[in-house]
Q: 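I'd like to ask some things about the structure below.
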Amino acid sequence: MSRILIKGGRILDPSENIDRQADLLVEDGRIAALGPDLKVSGAEVIDAEGCWVTPGFVDMHVHLREPGQEYKEDLASGGKAAVAGGFTGVACMANTDPVNDDPSVTDYIRSQARKDSPARVYPIAAATRGLAGEVMTEMSALRDAGAVAFSDDGKTIMDAGVMRRVLEYSKLVGLPIIVHAEDCSLVNRGVVNEGPVSTRLGLPGNPTAAEDLQVARDLMLAKLTGARLHVAHVSSAGAVALIRRARDEGVDVTAEVTPHHLSLTDEATSGYDTNTKMAPPLRGAVDVEACRAALADGTIDVIATDHAPHAVHEKEVDFVEAPCGILGLETAFPVVAELVREGRLSPLELIRRLSTGAVQILDIPGGNLAEGSEADITIVDPERRWIYDAAKGYSKSRNSPWDGQEMHGRVVATLVAGRLIYHCDRGVLVP
Ligand SMILES: [Zn+2]
């Protein structure tokens, strides 16, 4: 029988609103006991003094690039980056090559991930064929193959009639629709947030109205259809206000925000660093503040990284030409731990948004530390400082705006199904 005893940590279980000092015993892959001063013989002991012991983090928005773009990332490297970031589960978007719009692709991702990835991988299938926004995918077959949600992320479904049908059908299939909400005609060729910064830099702007307008439309269609809508990477104060109002009215909507939209403004773009280019773009201070407030009051349910690896040669080009997206998995915890230090969120509420929130939206296992549950556990030291070196990270790519910076807060250990799979002093422990 394998036993791991996690000693002396602060147990944070949002599913049961537990926040207290205790030991936690893992036995044969499951959580066996939780209590003060557990005495167990023959157990491997992990010292969690000064640490938080939490349900495994779940990132419901990553791009793992397999199949088709394995030079950027694959299920093995992305899975390692995930567990190094404390994520025991990730949901991967459909914009692979080929697109995950067919059960054979969903099936490939699941079976390959079981072999290669130390983190659990949940495929999100496309809502429309080829992400073209025209013809619905075969949602029930994709669900049966293991898809946990549908999304054309990276692209917006611009045709409202198609979007209505997608929502109606998703309701029958019982899975949520995740939207990348940006009105393409308003984004036009915008590459940074439209405002004083875009003017100063001489770069084409992408207005917050592009996001607000699309979120408004999708909320109206969610209301019309009664379907479950999840808004990806919310970044504007306007979108936040619309989502808050819709929730008050009973629309079945959830939302996520990224660590970068919570921590960086468009000022970060001032040096033309292409590792600050993403969609939606980094916004102004008012928008960042609105996102933080919405995360704190629960209007935004989830922190998701939108981990989007790109090769060095792809990012080392003119800002206008560079692809959108940055890495997120290995830096997420320290970046958002800042919100606790600033008193914006309690530790328990932060962990809810890193773990339990996504589990509930995707209806997947995890998100709790209840006795008898599979032991997906993350141990973090909220005070430990370290330097993030993207070149030494587990992702195949390096496109991070935090490269070389000091981080405050560190993932100490990650357990998946009761196995210690990552430890910060020993690295990823793949058998
Ligand atoms: Zn997106």
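One is the number of the first residue; the rest follow in order along the sequence. These numbers come from the heavy atoms of this one structure, side chains and all, not from hydrogens, waters or symmetry mates.
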Q: Any side-chain donor paired with an acceptor under 3.5 Å for His310 and Asn399?
A: no
Q: If you measure from the Lys or Arg side-chain nitrogens to the Asp or Glu carboxylate oxygens, is any gap between Arg385 and Glu406 under 4.0 Å?
A: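 Between Glu406 and Arg385 there is a salt bridge, with a charged N closer than 4.0 Å to a carboxylate O.
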Q: Under 4.0 Å between a Lys/Arg side-chain N and an Asp/Glu carboxylate O for Arg247 and Asp301?
A: yes
Q: Is Arg352 salt-bridged to Glu349, cutoff N-O under 4.0 Å?
A: yes
Q: Between Arg292 and Glu342, does at least one N-O distance fall below 4.0 Å, as a salt bridge requires?
A: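 Answer for the salt bridge query: yes.
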Q: Work out which heavy atom in Thr156 is nearest to a heavy atom in Cys184; give both atom names and the distance.
A: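 The answer is CB-SG, 4.1 Å.
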Q: Applying side-chain contact (heavy atoms from CB on, under 4.5 Å), run through Val234 and Val240 and close with a yes or a no.
A: CA-CA 7 Å; Val234 172; Val240 162; 3.7 Å; yes
Q: Evaluate Thr265 against Leu282 for side-chain contact (heavy atoms from CB on, under 4.5 Å), listing each step before the verdict.
A: CA-CA 5 Å; Thr265 68; Leu282 297 174; 6.0 Å; no
Q: Less than 4.5 Å apart, side chain to side chain, heavy atoms only: is that true for Arg410 and Phe333?
A: no
Q: Does the plane of the ring in Tyr272 sit parallel, tilted or perpendicular to the ring in Phe319? Use 30° and 60° as the thresholds.
A: perpendicular
Q: Can you tell whether the side chains of Glu314 and Lys72 come within less than 4.0 Å, N to carboxylate O?
A: yes
Q: Return the CD1 to OG1 distance between Ile326 and Thr258, rounded to the nearest 0.5 Å.
A: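 Reported value, rounded in 0.5 Å steps: 7.0 Å.
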Q: Salt-bridge test for Asp297 and Arg244: reply yes if a basic N is under 4.0 Å from a carboxylate O, no otherwise.
A: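 Here Asp297 pairs with Arg244 in a salt bridge, since their nearest N and O are under 4.0 Å apart.
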Q: Is the shortest side-chain N to carboxylate O distance from Arg114 to Asp107 below 4.0 Å?
A: no
Q: Does the side chain of Val179 come within less than 4.5 Å of Ile157's, by heavy atoms?
A: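 Ile157 vs Val179: side chains apart.
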Q: Can a salt bridge be assigned to the pair Arg283 and Asp266 using a cut-off of 4.0 Å between side-chain N and carboxylate O?
A: no
Q: Which value, rounded to the nearest 0.5 Å, describes the distance between Thr254 atom OG1 and Asp252 atom CG?
A: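 With rounding to 0.5 Å, OG1 (Thr254) is 7.5 Å from CG (Asp252).
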Q: Please report the interatomic distance OG(Ser355) to CG(Asp59), rounded to the nearest 0.5 Å.
A: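 Reported value, rounded in 0.5 Å steps: 11.5 Å.
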Q: Is it true that Glu338 and Arg341 have a side-chain N and a carboxylate O under 4.0 angstrom from each other?
A: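 Between Arg341 and Glu338 there is a salt bridge, with a charged N closer than 4.0 Å to a carboxylate O.
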Q: Any ion pair linking Asp376 and Arg120 (charged N to carboxylate O, less than 4.0 Å)?
A: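 Yes.
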Q: Look at Arg129 together with Glu134 and state whether they make a salt bridge at an N to O cut-off of under 4.0 Å.
A: no
Q: Could you tell me the separation between the CD atom of Glu66 and the CG atom of Asp116, rounded to the nearest 0.5 Å?
A: 6.5 Å
Q: Do the two ring centres, one from His233 and one from His61, sit under 6.0 Å apart?
A: yes
Q: Tell me the salt bridge (Lys or Arg N to Asp or Glu O under 4.0 Å) pairs involving residues 192-206, sequence neighbours left out?
A: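 Qualifying pairs: Arg200-Glu267.
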Q: First locate atom CE of Met93, then atom NE2 of His180, and finally report the distance between them rounded to the nearest 0.5 Å.
A: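 Here the interatomic distance stands at 10.0 Å.
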Q: Please find the pair of heavy atoms, one from Ser170 and one from Ala227, that lie closest to each other, and give the distance.
A: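 Ser170 and Ala227 have their closest heavy atoms at OG-CB, 4.0 Å.
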